[in-house]
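Chain A is the first sequence line, chain B the second, and so forth, proteins listed ahead of strands; every chain is numbered from 1. Computed from a predicted model, the values in this text were never measured in an experiment.
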Amino acid sequence: MNIFRLVGDLSHLLAIFVLLLKIWKSRSCAGVSGKSQILFALVFITRYLDLFTNFISVYNSLMKVIFIASTVATVYLMYIKFKATYDSNHDTFRIEFLVVPVGGLAFLVNHDFTPLEILWTFSIYLESVAILPQLFMISKTGEAETITSHYLFALGSYRALYLLNWIYRYYFEGYFDLIAVVAGCVQTILYCDFFYLYITKVMWGKKLSLPA
Amino acid sequence: QENAQGHDEL
């Protein structure tokens, strides 16, 4: 474990709970893409199947449980409890256009052609594009609530911190995972546009609105 | 790459 990965994981945890609290407190999921949340739930479920078969540490197992439970809870709040506030008219990204190609790629490019490893690879590839429905929804509505932009900032920062973690681990542990690094770069690059808007607008107390 | 205990990152 290193500081980059720890802060990254905590940033990830913060993002998930900021979103969960926003929906729970405001009793509304306006401006939030349910499709992205479904993809994140899929990412965690396919990635953490080794939860019971492969004990790494208490921290690792605990975080896996928290990530799965909180993301499933978010999907539940969006599609069941506060379904009436779900903005399906703007959440129109065709996620099958993400899941199918990513599924195919996971079969073709992986470290080990075993079910668990292919699912882990699928999860890594899917996570890199899972935010697209959310970014697409913001581009359609033209703006995002400030709390939603904080959620996105924390979520985007987590994988950027993981990139630093991989640099650290490469030099100090000789650890390198090309699949995770490439997917992590794609994932972080997708946030660049948002990071620019967040730093130039939200940091100065303005609302995040995309140029019309 | 896989180390003995599978993937150790979240």
Side-chain angles (χ1 to χ4, degrees), chain A residues 1-2 4-6 8-13 16 43-44 46-57 59-68 110-114 116-117 119-121 123-124 127 158-159 161-163 165-166 168-170 173-181 183-184, chain B:
Chain A
M1 178 56 83
N2 59 68
F4 302 113
R5 182 143 64 106
L6 182 61
D9 289 341
L10 296 178
S11 179
H12 196 185
L13 197 65
I16 292 173
V43 163
F44 292 133
T46 53
R47 187 175 305 181
Y48 299 155
L49 290 171
D50 64 351
L51 178 61
F52 301 108
T53 60
N54 177 14
F55 179 77
I56 306 275
S57 68
Y59 168 82
N60 185 273
S61 300
L62 184 64
M63 291 292 265
K64 286 176 176 177
V65 170
I66 294 172
F67 281 165
I68 291 175
N110 52 62
H111 290 313
D112 195 17
F113 200 76
T114 60
L116 217 51
E117 188 61 23
L119 283 170
W120 177 85
T121 309
S123 162
I124 291 288
E127 187 189 5
Y158 126 74
R159 213 59 177 173
L161 285 161
Y162 255 70
L163 295 179
N165 153 64
W166 288 321
Y168 177 93
R169 291 191 75 180
Y170 179 73
E173 300 170 23
Y175 171 93
F176 183 68
D177 183 341
L178 184 63
I179 286 177
V181 170
Chain B
Q1 76 279 3
E2 290 271 290
N3 35 29
Q5 60 195 30
H7 298 283
D8 64 345
E9 293 183 336
L10 286 173

Region of Phe44(A) that comes under 4.5 Å of a non-hydrogen atom in chain B: neither
Asp9(A) versus chain B, the contacting section by heavy-atom distance below 4.5 Å: side chain
For the student: nearest non-hydrogen atoms of Leu10(B) and Phe67(A), plus distance: CD1-CE1, 3.9 Å
Minimum-distance pair of heavy atoms, taken over all atoms of Arg5(A) and Asp8(B): NH1-O, 3.4 Å
Candidate pair Asp177(A) and His7(B), rule side chain to side chain contact (heavy atoms under 4.5 Å, CB included), full reasoning: CA-CA 10 Å; Asp177(A) 183 341; His7(B) 298 283; 4.1 Å; yes
Whether over 12 other heavy atoms sit under 6.0 Å from Tyr59(A) OH: yes
Partner residues of Tyr168(A) under the side chain to side chain donor-acceptor pair (under 3.5 Å) criterion, sequence neighbours left out: none
Interatomic distance, Arg47(A) atom CZ to Glu9(B) atom CD [nearest 0.5 angstrom]: 9.5 Å
